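Presented below is the structure to which this report refers.
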Amino acid sequence: MSASSSPPRPVVTRFAPSPTGFLHIGGARTALFNWLYARHFSGKFLLRIEDTDKVRSTKEAIDAILDGMRWLGLDWDGHEYYQSQFWSRHAEIAHRMLERGQAYRCYMTQEELAQQREAAQRDRRPFRIDSPWRDVGAEQGGKPFVIRLKAPREGETVIDDQVQGRVTVQNAEIDDFILLRSDGSPTYMLAVVVDDHDMGVTHVIRGDDHLNNAFRQLAIIRAMGWPEPTYAHVPLIHGPDGAKLSKRHGALGVDAYRDGLGMLPEAVGNYLLRLGWGHGDDEIISRDQAIEWFDLPQVGKSPSRFDFKKLENLNGHYIRNADDQRLADLVAQRSGLGPEQIELLVRAMPELKSRANTIKQLSESADFLFASRPIDIDDAAAALLTSDARSLLHAAQRNLGAIANWDAASLEAAIREVAEASGVKLGKLAQPLRAALTGRMTSPGIFDVLALLGRDESLGRIADQMEPRE
RNA sequence: GGCCCCAUCGUCUAGCGGUCUAGGACGCUGCCCUUUCACGGCAGAAACACGGGUUCGAGUCCCGUUGGGGUCACCA
């Protein structure tokens with residue numbers, strides 16, 4: 001075995017979303033990176049729902065997150081954990097730190113805190129809590145208190161972050177943050193550390209908005225004498241304007257990418273992977289290749305902007321390479337089509353899928369197949385149906401009607417014959433024909449349209465347009 | 001504002017001191033294919049933020065400037 005990057009402990013990563021909304025795109029990427037890292041090193045990928053905030057956490061959000069992860073193919077090992085189940089454990093640790101003198105009971109009121117904050121502001125110096133209770137051992141019976149970490153004030157803390165590199169912070173910057181609230185509930189800072197430790201998490205891969213928190217968390221870990229996890233803080237995904245992706249950018253849940261826009265999970269996964277990570281010039285990367293190639297050192301340090309166009313293009317690629325039946329089922333699901341229609345959809349799919357980048361577009365392009373006569377003709381298409389065009393349609397109608405076998409070859413021969421006989425280029429005939437058959441200016445090849453629609457429907461649609469429209 | 005992080009085409013990125021007159025992809029433009037629209041093919045415009053160092057040599061290392069971002073709760 002070489003002195004490779006293989007970690008000493010069996011890798012355990014986790015994704016720890018708070019269930020206050022859908023699985024957003026940034027969270028999905030964090031989950032993907034954690035999953036990939038664990039799979040790459042044959043480790044474990046755990047899922048922990050951070051439902052500490054009982055008010056904001058909902059069952060719907062939990063389901064949406066689990067659903068989104070399954071859709072993306074990010075399976076977690078074992079059952080999912082719920083942070084709220086470990087409250088007593090969190091409190092136990094806080095009290096142990098209290099006994100050891102690594103934490104203290106702070107009886108400061110909100111008002112006193114506000115006063116300190118104001119004073120700091122007035123003197124134009126950074127605010128850092130300075131509790132008079134830090135070195136008072138005795139309990140003040142009855143009065144409400146919080147348990148604060150007695151953070152080190154000397155020296156500095158260094159984190160060798162797998163993505164950010166070596167980051168150093170002066171310990172004086174770290175305040176005596178709260179471990180246990182006055183109602184006895186743990187804060188996030190305490191809960192993550194305890195849970196990660198108890199779950200045996202070796203690698204904490206998360207958004208770099210947590211980088212500052214890492215130093216606080218490390219203070220707890222060191223106080224407890226627990227093994228320190230390896231950190232990797234990946235840059236956040238930004239919106240087109242460069243600011244953190246948020247609701248105002250139309251930040252969507254993965255369910256919206258699936259249901260609303262009609263994205264394929266492999267496309268979203270591929271896009272997310274390439275956002276902030278690269279492997280040479282490779283763009284199309286399968287899941288297996290991703291597992292083989294993924295590692296933290298290649299993750300970029302600068303935030304990247306979400307590029308919808310690129311995602312769409314990637315999705316188009318995956319659509320073109322997707323199985324026709326699968327695509328047809330997806331379209332049917334979206335448009336509420338039945339078995340017979342799916343059959344037609346499958347036949348049409350080879351022609352349809354090169355023209356769509358999303359399932360949504362695919363559905364729309366398939367609409368003409370299921371329209372009932374007389375079909376709607378959009379304005380642009382209607383403009384094509386001039387009287388000259390109609391007489392051409394007449395001739396076409398005649399020739400098509402005489403065809404013995406309604407197959408592509410015969411269809412093409414019949415149409416070309418009409419164009420030649422009328423002395424017009426094929427396009428002159430094909431466009432009005434397209435308008436009559438699909439109601440649109442664009443569609444799959446006209447012979448394919450004819451073949452797909454079948455004799456009766458085709459002839460009928462043409463006939464519908466032969467009389468002048470009012 | 002304090003602290004922390006970042007900086008190659010519009011965007012995602014390759015580049016880990018010389019092979020860079022900087023490569024790929026999306027997007028954009030043109031051409032080809034063609035019954036439309038796509039797909040596909042070909043071609044093109046498009047970047048090392050700025051200033052100092054270090055070095056024989058810097059996109060690559062160091063410092064500063066500028067710009068951007070993150071974070072500063074009894075939220076997670």
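To find a chain, count down the sequence lines: A is the first, B the second, and so on, and within it residues start at 1. Only a predicted model underlies this, so the values are computations on that prediction, with no experimental measurement involved.
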Polar side-chain contact A/Lys301-B/rA7 base: donor and acceptor under 3.5 Å =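 A donor-acceptor contact between them is absent.
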
Looking at B/rC12, does its base get a donor-acceptor pair with the side chain of A/Ser304 below 3.5 Å?
->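 A donor-acceptor contact between them is absent.
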
Name the nucleic acid region contacted by [X], choosing base, sugar-phosphate or nothing; use a 4.0 angstrom heavy-atom cut-off, strictly under.
{"X": "A/Arg416", "result": "sugar-phosphate"}
{"X": "A/Thr442", "result": "base"}
{"X": "A/Gly276", "result": "sugar-phosphate"}
{"X": "A/Ser18", "result": "sugar-phosphate"}
{"X": "A/Ile446", "result": "base"}
{"X": "A/Ser365", "result": "nothing"}

In plain terms, say whether [X] and [Y] are close enough for a salt bridge, that is, a side-chain N and a carboxylate O under 4.0 Å apart.
{"X": "A/Asp196", "Y": "A/Arg48", "result": "yes"}
{"X": "A/Arg274", "Y": "A/Asp282", "result": "no"}
{"X": "A/Arg89", "Y": "A/Glu92", "result": "yes"}
{"X": "A/Arg416", "Y": "A/Glu420", "result": "no"}
{"X": "A/Lys310", "Y": "A/Glu283", "result": "yes"}
{"X": "A/Arg206", "Y": "A/Glu50", "result": "no"}

Spacing of the [atom1] atoms in [M] and [N] (rounded, Å):
{"N": "B/rC20", "M": "B/rC56", "atom1": "P", "result": "23 Å"}
{"N": "B/rU60", "M": "B/rU13", "atom1": "C1'", "result": "16 Å"}
{"N": "B/rG44", "M": "B/rU35", "atom1": "C1'", "result": "29 Å"}
{"N": "B/rA25", "M": "B/rC39", "atom1": "P", "result": "15 Å"}
{"N": "B/rA45", "M": "B/rG23", "atom1": "P", "result": "11 Å"}
{"N": "B/rU65", "M": "B/rC6", "atom1": "C1'", "result": "15 Å"}

Quickly work out the [X] [atom1] to [N] [atom2] distance and round it to whole Å.
{"X": "A/Glu111", "N": "B/rC74", "atom1": "CD", "atom2": "P", "result": "13 Å"}
{"X": "A/Arg206", "N": "B/rC4", "atom1": "CZ", "atom2": "P", "result": "18 Å"}
{"X": "A/Leu314", "N": "B/rU13", "atom1": "CG", "atom2": "P", "result": "14 Å"}
{"X": "A/Glu351", "N": "B/rA38", "atom1": "CD", "atom2": "C1'", "result": "10 Å"}
{"X": "A/Lys425", "N": "B/rU36", "atom1": "NZ", "atom2": "P", "result": "10 Å"}
{"X": "A/Phe215", "N": "B/rC5", "atom1": "CZ", "atom2": "C1'", "result": "10 Å"}
{"X": "A/Glu412", "N": "B/rU34", "atom1": "CD", "atom2": "P", "result": "12 Å"}

Pick the nucleotide of RNA chain B nearest each of A/Ala356 and A/Thr109; which residue has the one closer to the 5' end?
->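 Per heavy-atom nearest nucleotide, the more 5' residue is A/Ala356.
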
Along RNA chain B (nearest heavy atom to each residue), the more 5'-positioned of A/Asp281 and A/Arg128 =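 Checking each residue's closest nucleotide, the 5'-ward one belongs to A/Arg128.
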
By ring-ring contact (aromatic ring centres under 6.0 Å, His included) - contacts of [X] (at least two apart):
{"X": "A/Trp76", "result": "none"}
{"X": "A/His210", "result": "A/Tyr188"}
{"X": "A/Phe15", "result": "none"}
{"X": "A/Tyr318", "result": "none"}

Sorted by number, the residues of residues 261-274 of chain A with heavy-atom contact under 4.0 Å to RNA chain B |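 Close to the strand are A/Arg274.
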
Strand-adjacent residues in residues 154-167 of chain A, judged by heavy atoms under 4.0 Å from RNA chain B =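 The answer is A/Gln164, A/Val167.
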
Would you please name every residue forming a side-chain contact (heavy atoms from CB on, under 4.5 Å) with A/Arg122, sequence neighbours left out?
->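 side-chain contact (heavy atoms from CB on, under 4.5 Å) check on A/Arg122 returns A/Ala119.
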
For A/Ala436, enumerate each residue passing the side-chain contact (heavy atoms from CB on, under 4.5 Å) test, keeping only those at least two apart in sequence or located in another chain.
->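 Counting only residues at least two positions away or on another chain, A/Ala436 forms a side-chain contact (heavy atoms from CB on, under 4.5 Å) with A/Leu393, A/Gln465.
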
Any strand is fair game: report the nucleotide pairing with [N] by Watson-Crick or G-U wobble, both distances under 3.5 Å, or none.
{"N": "B/rG44", "result": "B/rC28"}
{"N": "B/rA7", "result": "B/rU66"}
{"N": "B/rC16", "result": "none"}
{"N": "B/rG1", "result": "B/rC72"}

Enumerate the protein-to-nucleotides 39-41 of chain B contacts in which both atoms are nitrogen or oxygen and the separation is below 3.5 Å.
unit_1, atom_1, unit_2, atom_2, d
B/rC39, O4', A/Ser354, O, 3.4

Tabulate protein N/O versus nucleotide N/O from nucleotides 61-71 of chain B, keeping only pairs under 3.5 Å, one per line.
unit_1, atom_1, unit_2, atom_2, d
B/rG69, O2', A/His238, NE2, 3.2
B/rG70, OP1, A/Lys244, N, 3.3
B/rG70, N2, A/Asn212, ND2, 3.3
B/rU71, OP1, A/Lys244, NZ, 2.8
B/rU71, O4', A/Asn212, ND2, 3.3

Which of these passes salt bridge (charged side-chain N to carboxylate O under 4.0 Å, His left out) with A/Asp176: A/Arg128, A/Arg105, A/Arg134?
->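 The residue from A/Arg128, A/Arg105, A/Arg134 that satisfies salt bridge (charged side-chain N to carboxylate O under 4.0 Å, His left out) with A/Asp176 turns out to be A/Arg134.
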
Answer yes if the ring centres of A/Trp133 and A/Tyr104 are under 6.0 angstrom apart, and no otherwise.
->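 When the ring centroids of A/Trp133 and A/Tyr104 are compared, they turn out to be at least 6.0 Å apart.
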
Are the aromatic ring centres of A/Tyr231 and A/Phe215 under 6.0 angstrom apart?
->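 When the ring centroids of A/Tyr231 and A/Phe215 are compared, they turn out to be at least 6.0 Å apart.
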
Between protein and nucleic acid, restricted to nucleotides 31-33 of chain B and to nitrogen or oxygen atoms under 3.5 Å apart, what atom pairs and distances do you find?
none

So does A/Thr20 get a side-chain nitrogen or oxygen closer than 4.0 Å to the phosphate oxygens (OP1/OP2) of B/rA76?
->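 For B/rA76, OP1/OP2 do not have a side-chain N/O of A/Thr20 under 4.0 Å.
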
Which residues pass the salt bridge (charged side-chain N to carboxylate O under 4.0 Å, His left out) test with A/Asp378, sequence neighbours left out?
->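 In terms of salt bridge (charged side-chain N to carboxylate O under 4.0 Å, His left out), with neighbours along the sequence ignored, A/Asp378 is linked to no residue.
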
